[in-house]
Each structure stands twice: as structure tokens, then as C-alpha cells.
2 protein chains.
Amino acid sequence: MPAAERPKRRLGKNGDGAERHDAIYRHISDAIIEHRLKPGARLREDALAEVFGVSRTGIRKILQRLALEQLVTLTPRRGASVTRPTADEAKDVFDARQMVECGLMPEVARRITAADLRGLRDMARREREALRAGEQSAAIKLSAAFHERLARLSGNATLAEFVGRLCSRSSLILAVYGNTGHLGCESHDHDDLIRFLEEGNGERAAAFMSRHLKAIEASLSITEAEEEAPDLHQIFSG
Amino acid sequence: MPAAERPKRRLGKNGDGAERHDAIYRHISDAIIEHRLKPGARLREDALAEVFGVSRTGIRKILQRLALEQLVTLTPRRGASVTRPTADEAKDVFDARQMVECGLMPEVARRITAADLRGLRDMARREREALRAGEQSAAIKLSAAFHERLARLSGNATLAEFVGRLCSRSSLILAVYGNTGHLGCESHDHDDLIRFLEEGNGERAAAFMSRHLKAIEASLSITEAEEEAPDLHQIFSG
DNA sequence: ATCCAGGCCATTGTATACGCTTTCGTTGCC
DNA sequence: GGCAACGAAAGCGTATACAATGGCCTGGAT
């Protein structure tokens with residue numbers, strides 16, 4: 001029974017050890033960012049291990065990585081669950097995005113090429129299409145990817161990675177504090193931003209990005225009412 | 001031999017599992033930041049496991065965490081080694097610090113209290129003393145701690161954590177590209193900065209921080225000469 | 001009937017064991 | 001004499017097994 005019925009697993013284990021882990025990481029990460037796994041959802045190691053056909057060891061590694069990126073919360077003896085950002089954290093994240101993303105715009109405007117502009121337009125188009133098709137999950141992920149790609153065009157890998165994490169956390173924040181049916185980024189905002197960058201006008205791009213982020217933050221309904229028994233309310237109201 | 005001569009280990013394992021790991025993490029992290037472990041140094045799992053009296057499992061977890069903070073590099077089948085930052089990474093890190101730390105100064109100047117100022121002066125004093133006593137290791141760590149503390153006073157935990165990581169990586173950069181005997185931060189610089197903050201002059205503090213960081217970066221001798229065989233040169237020249 | 005206590009179960013934390021890859025040393029051949 | 005190929009050893013990657021802790025359910029007492 002053990003060796004006979006799963007020969008492919010052994011094969012997969014040998015061939016692509018590290019890649020498999022990375023793929024699983026991306027699966028879980030995407031599920032969180034796309035709100036398929038909602039904040040507060042528990043992530044049991046055994047269940048994940050069985051689903052992805054690996055041992056708990058690998059799952060633990062991935063869960064730890066997600067915890068360091070603050071997408072999941074690891075409580076000492078209770079296991080892992082999707083992080084539920086607090087109101088303070090939400091403010092910090094958006095303040096950080098305000099500083100970094102806007103600060104990056106001038107450099108991006110300076111370095112951007114025609115090929116980059118094409119890529120950005122393509123992403124914005126796909127995002128619009130997903131939004132129109134009602135695929136919220138895809139739209140959310142594409143929006144985050146757009147912001148990260150933009151940051152990456154600055155040439156600063158460190159800051160780009162940081163922006164990527166902030167965008168992931170923003171997705172979590174939207175899941176908790178966002179009004180349903182109202183996505184974070186307006187669809188035409190990104191197109192306008194691309195136009196400013198095409199003109200090489202970094203200052204206007206930065207100003208527009210600032211307004212863009214402020215608009216997203218303003219659309220949130222941040223109420224940290226419950227203090228001691230928040231889980232029940234959240235679960236039963238949702 | 002196994003059970004009789006180490007009863008404390010059993011005890012320690014039961015009482016403070018998570019804390020022990022955190023302590024080990026800090027030990028290794030400090031050793032890297034203080035240049036006791038130099039860039040390129042290999043970190044064998046077995047050796048670390050034996051030194052700290054835990055199993056390889058725990059060491060792997062810690063190594064992974066350090067890898068995500070980019071203090072150590074994890075090459076697939078070769079194990080862990082202290083990260084040797086490239087010239088590009090060094091530039092990115094200092095550009096990022098320039099943007100974030102300077103951008104934070106106005107808010108810090110706005111929120112700083114008398115107690116905060118006392119704490120900062122104390123840190124600056126200890127740093128000066130360590131520098132005068134020739135304790136480079138301690139001085140380097142205190143300098144990084146000063147910058148992180150400063151960022152934390154902004155009230156933005158996310159950005160403060162980011163600055164902390166940038167400072168850790170800066171320490172690594174100094175180890176590779178810094179001229180021996182010339183520490184990154186001039187001792188009186190931090191005192192001057194504190195004065196501007198005390199005056200509540202965020203703009204001047206930001207400008208001074210900018211010069212401060214530029215001075216550190218300028219003091220580096222960034223030469224990425226070796227491409228394929230850098231290890232030998234580095235080791236024999238150091 | 002409700003509350004407290006004790007035991008059971010579920011789940012994580014840790015260690016150990018095994019397999020595989022990589023690397024270094026040696027030997028043989030050119 | 002140098003280069004290449006093979007073999008052995010060392011170290012990492014993964015899985016499995018065991019131990020400990022916290023939550024939950026049940027039973028009894030008030």
C-alpha cells in the first residue's frame with residue numbers, strides 16, 4: 001500500500017524539491033491575497049500537508065515564511081491562521097505605502113521604457129477585464145501585482161520587495177475593513193498613472209499615487225469595535 | 001553519558017521552547033551584525049546545533065528566518081553562509097534608508113518626548129564610549145540600534161521594522177566594503193541629530209540624516225572587481 | 001440546572017533517522 | 001606530468017515518530 005500506490009510522489013520529491021515548496025508557498029499566498037482564505041481562517045498543518053502531498057516539515061517551513069511576511073499569524077500552541085490586521089497596522093501599512101510608493105515615482109518616471117509601459121498597460125487592461133467579469137479574486141491579485149511591478153521599475157530591488165509585501169498586507173486589510181463590492185483600486189486610476197509616467201512627469205505621478213492611495217484608505221471602514229470577543233461577532237456577522 | 005550528564009538540557013527544553021529559539025536567533029544575528037561572523041562564513045547546521053544544544057530542526061528554522069532577513073544566504077545543497085552583499089544591493093539599501101529614514105524624521109520630531117530624548121542620548125553616549133574603548137563590535141551594534149530606535153519613535157511599526165532590517169544589512173555592507181578602522185557613523189553625528197529633534201525641527205533633522213547617510217555611503221570603497229573567484233581574494237586580503 | 005473538575009483528544013513542537021546530492025581525494029590513463 | 005573519472009565521505013533535505021500542551025467534553029457535586 002505505501003510504496004505501490006504513489007510512485008509519482010517519490011519522483012516529484014526527487015526532481016524538484018525546492019521548486020515544489022515554492023509552488024506551494026505561492027498557492028497559499030495567492031489564496032490569501034485573493035481572499036479565498038479569509039482573515040482568521042485556521043491553517044492546520046496536517047490538512048495542508050495532505051492537500052499538497054508533502055510532509056508537515058515542508059508545510060511548517062512555508063508557514064513560517066508566511067508568518068515573517070505577516071500574512072499568517074503563528075500563535076505558540078494554537079497553530080497558524082490568516083492574519084487579521086488591526087486598525088493600527090492598517091494605518092501603518094498605508095502610511096508606509098504613501099511614503100515609499102510616492103517616493104519611488106520620480107525614479108520610475110526617469111527609468112521607464114516603452115516596453116515597460118506596454119507591460120503596465122497590459123496589466124491594467126487585464127485588471128479591468130477581471131473587474132468587469134466580476135472576478136474579484138483575480139482583480140485583487142492583479143492590482144497588487146501592478147503596484148509591485150511599478151515599484152520594481154525603480155531599479156531598487158529592496159524597496160520593490162518591501163512594496164510587494166505592503167501590497168499583500170493591503171489585500172488582507174481590504175478583506176477585513178473593505179466594503180464588499182468596492183474594490184480598492186479604481187480601474188481607470190492605473191491608466192491615468194501610466195500616462196503621467198509616459199510623460200516622464202514624476203512629480204505628477206507621485207501626487208496622483210498619493211491621491212490614489214488616500215482614496216483606497218478612505219474607502220475603508222476602519223472600526224476596531226470589538227476588543228475581547230471579536231471572533232464571534234466577525235464570524236456570525238460575516 | 002547521554003542522559004546523566006545533561007539534565008539541564010531537558011529542563012530547558014520543557015520550560016522555554018520558543019524563547020530559547022529566539023535567544024539563539026539573537027545570538028547568531030548579533031554575531032553577524034557585530035562582524036564576529038564575517039560575510040562568506042559558512043554556518044553548518046550540525047555545528048550550530050551542537051553549540052547551542054538543540055537539534056538541527058530548530059537551527060534550520062532560525063537559519064531560514066535569517067535568510068528571509070537577508071543576513072544569511074541559503075544555497076540549495078550547500079547550506080548557509082553569511083550573506084556577502086553585492087555592490088548593487090549596497091546601493092539599494094542605502095537608497096532605501098535615505099528615503100525611509102529621512103522621510104520619517106518630521107514625524108519623529110513631532111512625536112518625540114523628553115524621555116525619548118534621554119534614551120537616545122544614552123544610546124549615543126554608550127556608542128561613543130564603545131568607540132573610544134576600541135570595541136568596534138559593540139559600537140556597530142549600538143549604531144544600528146540607534147537608527148532603528150529612532151525609526152520606532154515615528155510610531156509606524158512596519159517602517160521601523162524595515163529600517164531595522166536595513167540597518168542590519170548595512171552592518172554587513174560595512175563589513176565587506178568598509179575601510180577598516182573607519183566606522184560607519186561618526187560619533188558626534190548622532191548627538192547633532194538629537195539636537196535638531198529636540199528643537200522639533202524635522203526638516204533640518206531630515207536634511208542632516210540625509211548627509212549622515214551619504215557620508216557613510218561615501219566612506220565605503222565599493223569595488224566589485226572579482227566576479228568568478230571572489231572568495232579567495234577576500235579571504236586572503238582580509 | 002449549572003458550574004467546576006478531571007481526563008481525553010487534537011494539534012503543535014522537537015528530535016532522530018534515512019536518502020540524496022555534492023564535493024573532495026585518489027588513482028589510472030593519456 | 002596533467003587531466004579525467006570514479007569512489008568515499010560529509011552535509012543537506014525530507015519524512016516519520018514521539019512528547020508535551022492546550023482545548024473540549026463529560027461526569028459529578030452543589
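Remember, it's a predicted structure, so these values are computed and weren't measured experimentally. Every chain is numbered from 1 and lettered A, B, ... according to where its sequence line falls, protein lines coming before strand lines.
Residues passing the ring-ring contact (aromatic ring centres under 6.0 Å, His included) test with B:F146, sequence neighbours excluded: B:H190. A:S171 meets the side chain to side chain contact (heavy atoms under 4.5 Å, CB included) test with A:I33, A:H35, A:I140; sequence neighbours excluded. In this structure B:S170 satisfies the side-chain hydrogen bond (donor to acceptor under 3.5 Å, both in side chains) test together with B:R97, sequence neighbours excluded. Applying the side chain to side chain contact (heavy atoms under 4.5 Å, CB included) test to B:A80 and every residue at least two apart in sequence or in another chain returns B:L43, B:L63, B:L74.
Pairs engaging residues 155-176 of chain B under the ring pair (Phe, Tyr, Trp, His ring centres under 6.0 Å) rule: A:F162-B:F162 [sequence neighbours left out].
D:dG13 atom C1' lies 11 Å from atom CG of B:L74, rounded to whole Å. Computed from coordinates, the A:E19 CD to C:dT21 C1' distance equals 15 Å when rounded to whole Å.
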Taking only N/O atoms, report every protein-nucleotides 8-12 of chain C pair under 3.5 Å with atom names and distance.
from   : atom 1 : to    : atom 2 : distance (Å)
C:dT12 : OP1    : A:E45 : N      : 3.4
C:dT12 : O3'    : A:P76 : O      : 3.4

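Dashed line: the shortest gap from a side-chain N or O of A:K61 to OP1 or OP2 of D:dT14 is under 4.0 Å.
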